[in-house]
> 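Structure in structure tokens, see below.
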Amino acid sequence: MSKIRDCITRALVGVLSDTFKTTRESIEKLFSTGRLKLTPTPDPKLGDYGISLHILLKNYDKSSWEEIGLKLCNAILEAAREECGVEKAEFINGYLNMTVSHDRVLLDLAKLFLNNEISRDLSGIGAGRKVIVEHTSANPVHPLHIGSGRNSVLGDVLARLLKKLGFTVDTRFYVNDLGRQVATLTYGVQIAESAGIRKPDDAKIDHWYGVIYAITNTLIELDKLRSSLNNIGDSVLSLLRKLLEALREKSKQGEFLELSLILTEIQEKTKFVHNSPLLFKKLYKACRVHAKKLSEDPDLAPLVNQILDALGKYREAWIEYKRFHRAEMRLSTTYPHLYSSLKSAIKSYVEAEDSIKEITKRAESGDEEILSTIRRVTQDILEGFKSTLSKLDIAFNGFDFESSSEILGLAREVVNKISRTKYARVLESGAVEVDLNSAAQDYSYVRDLFYPDQAGRFIIMRSDGTTLYTTRDAAYTLYKFRALGASEVYNVIAVEQEREQKQVKATLYVLGYDSEAEKLHHFMYEMVQLKGVRMSGRRGVYYTMDELLLDMEECVYRSLIRERGAPAGPEDVISKLAVANTRSLLLSVEPGKVLSLDPSKLCEYEQGTIIEYAFVRAQSILRNAFNLEPLEDPVGLSSKIREILEQINSSFERRALSVEEKLLVELLVDLKTTLLEAYRELKLNRILEYAVKLALQFNKFYEKCPVIGERNEKTKAWRLLLVYVTHRVLLELLDVLGLPKLKRI
RNA sequence: GGGCCCGUCGCCUAGCCAGGACAGGGCGCCGGCCUUCUAAGCCGGAGGUCCCGGGUUCAAAUCCCGGCGGGCCCGCCA
């Protein structure tokens with residue numbers, strides 16, 4: 001690609017400036033601004049590359065276009081035939097189309113792979129610089145679900161890509177063991193354990209803790225919601241009384257007769273056995289119906305608005321309550337013992353939250369007893385994470401704990417340092433707030449970071465002296481640069497945390513760590529949406545990666561039976577294809593866009609299989625041709641290819657490639673740009689798309705162009721070369737995408 | 001209330017930043033092709049107001065403005 005395209009572009013600059021009698025500089029400018037661009041043609045019949053010249057031609061009369069075109073064709077052939085391999089040029093409707101000799105391109109590519117120049121070239125970009133990729137970092141309170149899975153796969157592929165580009169990559173998992181979520185789980189675990197509840201032997205550990213967390217949280221939330229429904233209800237009733245009085249006083253009952261009747265009825269009914277949500281619904285309707293007329297009265301209007309406002313809140317809380325209630329039903333039925341012991345221990349949300357706060361506080365102050373419980377639970381869950389991720393071939397260089405003395409020490413340092421700046425102030429409660437708005441006035445970096453939004457303020461230390469996630473995150477970032485020696489850091493974190501990540505950067509910048517702030521990259525990705533399911537870790541509603549992998553295996557198994565009649569083939573093929581499809585699924589959409597998945601159509605995600613299948617096919621051709629195992633004997637393979645190259649070189653014969661062969665060569669050449677673009681724009685889905693495209697094109701080639709059975713020895717040699725390069729490119733892609741390298745299916 | 005992102009065949013998605021030739025793929029659907037490198041494949045077909053309306057331009061899915069619809073963020077949560 002780029003080599004040929006660059007070459008032709010360079011030639012075009014000269015040709016165009018001569019023909020249109022302008023300076024080279026002005027043509028170059030048109031190219032650099034993208035006004036002129038050499039692109040692949042939409043149809044191979046038109047040639048390989050084309051360029052729209054309308055921008056230059058619009059000053060000329062249409063009748064002279066043909067003449068100009070002819071001149072251009074001759075000129076470009078002369079300028080680029082030898083140099084760039086342009087063998088044909090045509091002028092059509094203002095487009096200059098060129099056909100390139102692909103045989104030379106293919107020869108070049110084969111040589112590059114044989115001498116490993118491709119890898120050397122790619123690895124020059126990182127040149128050994130150390131980068132940290134932090135990913136997954138899921139709260140250790142429930143198993144990894146499909147959302148965390150997207151994070152894991154994106155992070156893993158980014159790490160693999162960076163490695164391929166020559167960076168020294170350190171992958172880290174940040175363990176949020178000091179947050180409220182872990183404290184809540186710990187609280188639940190303490191209750192369950194003191195009640196003698198044990199994990200069922202066959203339950204996977206992270207899933208078990210996920211249940212404890214969900215039940216604990218659900219019980220607390222339900223009590224909290226009950227109390228807030230009560231409070232809102234009370235205030236609604238007192239507002240209702242006031243409204244009735246007001247109506248009576250103003251003797252406007254006549255005017256609002258119907259409303260008064262309904263209001264009175266509602267008020268009376270509250271004295272009997274009644275259904276609050278239903279009554280309030282009625283009240284809401286009545287107020288809405290008369291809202292317009294009521295709003296005309298300056299005394300009644302504010303009252304009605306308050307009622308409507310309160311009822312809106314009531315409704316919201318009620319919906320939330322129903323959600324948690326449904327979760328409670330499900331959880332209590334499935335885990336009756338665990339549920340009842342937690343239920344009897346969690347008497348009020350106030351008490352529970354106090355206990356949870358206490359756990360956080362003790363943990364942060366280094367209380368060994370509570371820390372050992374937290375560490376035990378966290379470690380267990382992390383083991384669960386590791387076993388899930390290892391199935392997907394994802395591993396970490398290290399785990400960093402929030403509760404570690406290094407990070408807590410740095411967190412204190414951050415608080416102390418920022419407190420000495422003029423951007424921090426101590427609130428009445430004792431909490432410390434950072435005012436980034438005023439920092440934005442002094443630093444354009446901070447202003448630009450949040451632009452066009454306000455930078456805002458945030459709390460960096462609670463009134464009880466404990467730190468917040470953002471504080472510890474800033475500390476962790478310093479840890480990454482200082483202790484881990486990173487020169488660049490990528491945080492693979494969901495978009496929801498965009499603001500928090502900016503706050504971290506701004507904080508570091510204000511503290512004088514400007515280069516660290518600039519070298520901290522937030523690799524944002526959007527959520528995974530399951531069709532028809534509202535996922536919530538807090539309610540224990542999620543599609544876990546463990547389940548997804550199992551479902552995917554079933555899909556693969558079924559299609560094996562469908563296509564072959566029997567699940568033949570090597571043993572681990574099913575699980576490996578499931579892994580390939582799962583990774584592809586999570587990678588298939590641009591990271592910044594929502595990935596919506598219909599679980600009932602899971603089996604339709606087969607991009608992984610498509611790639612694997614092409615890879616296996618390429619191998620089988622090479623295996624049959626050279627009588628060796630391509631993956632096990634790369635040296636033997638190279639020497640065979642070298643023989644073919646010598647054979648081709650000695651005959652000096654040019655070869656016209658078929659359409660299938662040409663299109664395949666075109667794609668093969670794109671490896672480097674694809675990887676670079678994916679890296680530059682952090683659009684990792686491009687790599688997958690490229691791999692799928694390549695696999696599909698290889699299938700077409702495979703169908704049309706026999707290799708082993710080809711009688712003509714020269715044709716066979718060229719095709720073997722093409723298969724070899726395809727095999728090598730696919731190998732690189734599987735590496736970066738983290739897909740298994742299957743030998744046979 | 002303020003800010004950000006997204007809207008492309010029945011479904012999913014690429015292209016948009018750097019505007020160009022009939023808007024690419026995949027899934028699903030319909031019709032063909034297995035004695036030849038394993039057909040999880042290949043060939044052909046149907047299917048589109050590129051959310052809507054203006055503007056800029058020789059040229060708009062792409063750029064600008066205004067709507068509509070969906071998601072996310074604005075916690076002493078993480």
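Keep in mind it's a predicted model, so treat the numbers as computed, not measured. We name chains A, B, ... by the order of the sequence lines, and we start the count at 1 in each one.
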> Can you list the steps and then say if A/Asn491 with A/Tyr476 is a side chain to side chain contact (heavy atoms under 4.5 Å, CB included)?
CA-CA 11 Å; A/Asn491 287 348; A/Tyr476 182 38; 6.0 Å; no

> Starting at CZ of A/Arg462 and ending at C1' of B/G75, how long is that distance when rounded to a whole Å?
10 Å

> Taking the side chain as every heavy atom from C-beta outward, state whether A/Glu612 and A/Leu577 have any atom pair closer than 4.5 Å.
yes

> Quick one: sort the A/Phe91 and A/Trp65 rings into parallel, tilted or perpendicular, breaks at 30° and 60°.
perpendicular

> Is A/Ile641 close to A/Phe626 at the side-chain level, that is, under 4.5 Å between some pair of heavy atoms?
yes

> Classify A/Glu590 by what it touches in the nucleic acid, base, sugar-phosphate, or nothing, heavy-atom distance under 4.0 Å.
sugar-phosphate

> Please determine, for B/G44, whether a Watson-Crick or G-U wobble partner exists with both distances under 3.5 Å, and give it or none.
B/C30

> Nearest to the A/Ser596 side chain among B/C58, B/A40, B/C12, which nucleotide is it?
B/C12

> Go ahead and name the base partner of B/C63; Watson-Crick or wobble counts if both distances stay under 3.5 Å, otherwise write none.
B/G55

> Please report the distance, rounded to the nearest Å, between CD in A/Glu134 and C1' in B/A78.
12 Å

> Nearest nucleotide by nearest heavy atom, which residue falls closer to the 5' end of RNA chain B, A/Leu468 or A/Val589?
A/Val589

> Can you find a side chain N or O atom of A/Tyr613 that sits less than 4.0 Å from OP1 or OP2 on B/A40?
yes

> Mind checking who B/G69 pairs with, Watson-Crick or G-U wobble, both distances under 3.5 Å?
B/C6

> Take nucleotides 65-73 of chain B nucleotide by nucleotide from the 5' end and write B, S or -, depending on whether a protein heavy atom sits under 4.0 Å from the base, only from the sugar-phosphate, or from neither.
------SSS

> Specify the residue among A/Glu681 and A/Lys704 whose closest nucleotide of RNA chain B lies further upstream toward the 5′ end.
A/Glu681

> Given B/G25, is OP1 or OP2 found less than 4.0 Å from the side-chain N or O atoms of A/Tyr690?
no

> Would you mind calling B/C29 syn or anti? Take O4'-C1'-N9-C4 for purines or O4'-C1'-N1-C2 for pyrimidines, and syn is within 90° of 0.
anti

> Look at A/Asn699 and B/C42 and indicate whether a side-chain polar atom (N or O) is within less than 4.0 Å of OP1 or OP2.
yes

> Would you kindly check whether a donor in the side chain of A/Asn97 faces an acceptor in the base of B/A21, or vice versa, at under 3.5 angstrom?
yes

> Going by an N to O cut-off under 4.0 Å, is there a salt bridge joining A/Lys224 and A/Glu353?
yes

> For A/Arg680 and B/A18, give me the distance from atom CZ to atom C1', rounded to whole Å.
12 Å

> For A/Arg472, report the nucleic acid contact type (base, sugar-phosphate, nothing); a contact means any heavy atom under 4.0 Å.
sugar-phosphate

> Parallel, tilted or perpendicular: which describes the rings of A/His142 and A/Tyr542, with under 30° parallel and over 60° perpendicular?
tilted

> Check the phosphate of B/G15 against A/Arg686, side-chain N and O only, distance under 4.0 Å to OP1 or OP2. Yes or no?
yes

> Would you say A/Arg457 reaches B/C74's phosphate, i.e. side-chain N/O to OP1/OP2 under 4.0 Å?
no

> Please determine whether a side-chain nitrogen or oxygen atom of A/Ser620 lies at a distance below 4.0 Å from atom OP1 or OP2 of B/U38.
yes

> Once you apply the 3.5 Å cut-off to both distances, tell me the Watson-Crick or G-U wobble partner of B/G24, or none.
B/U13

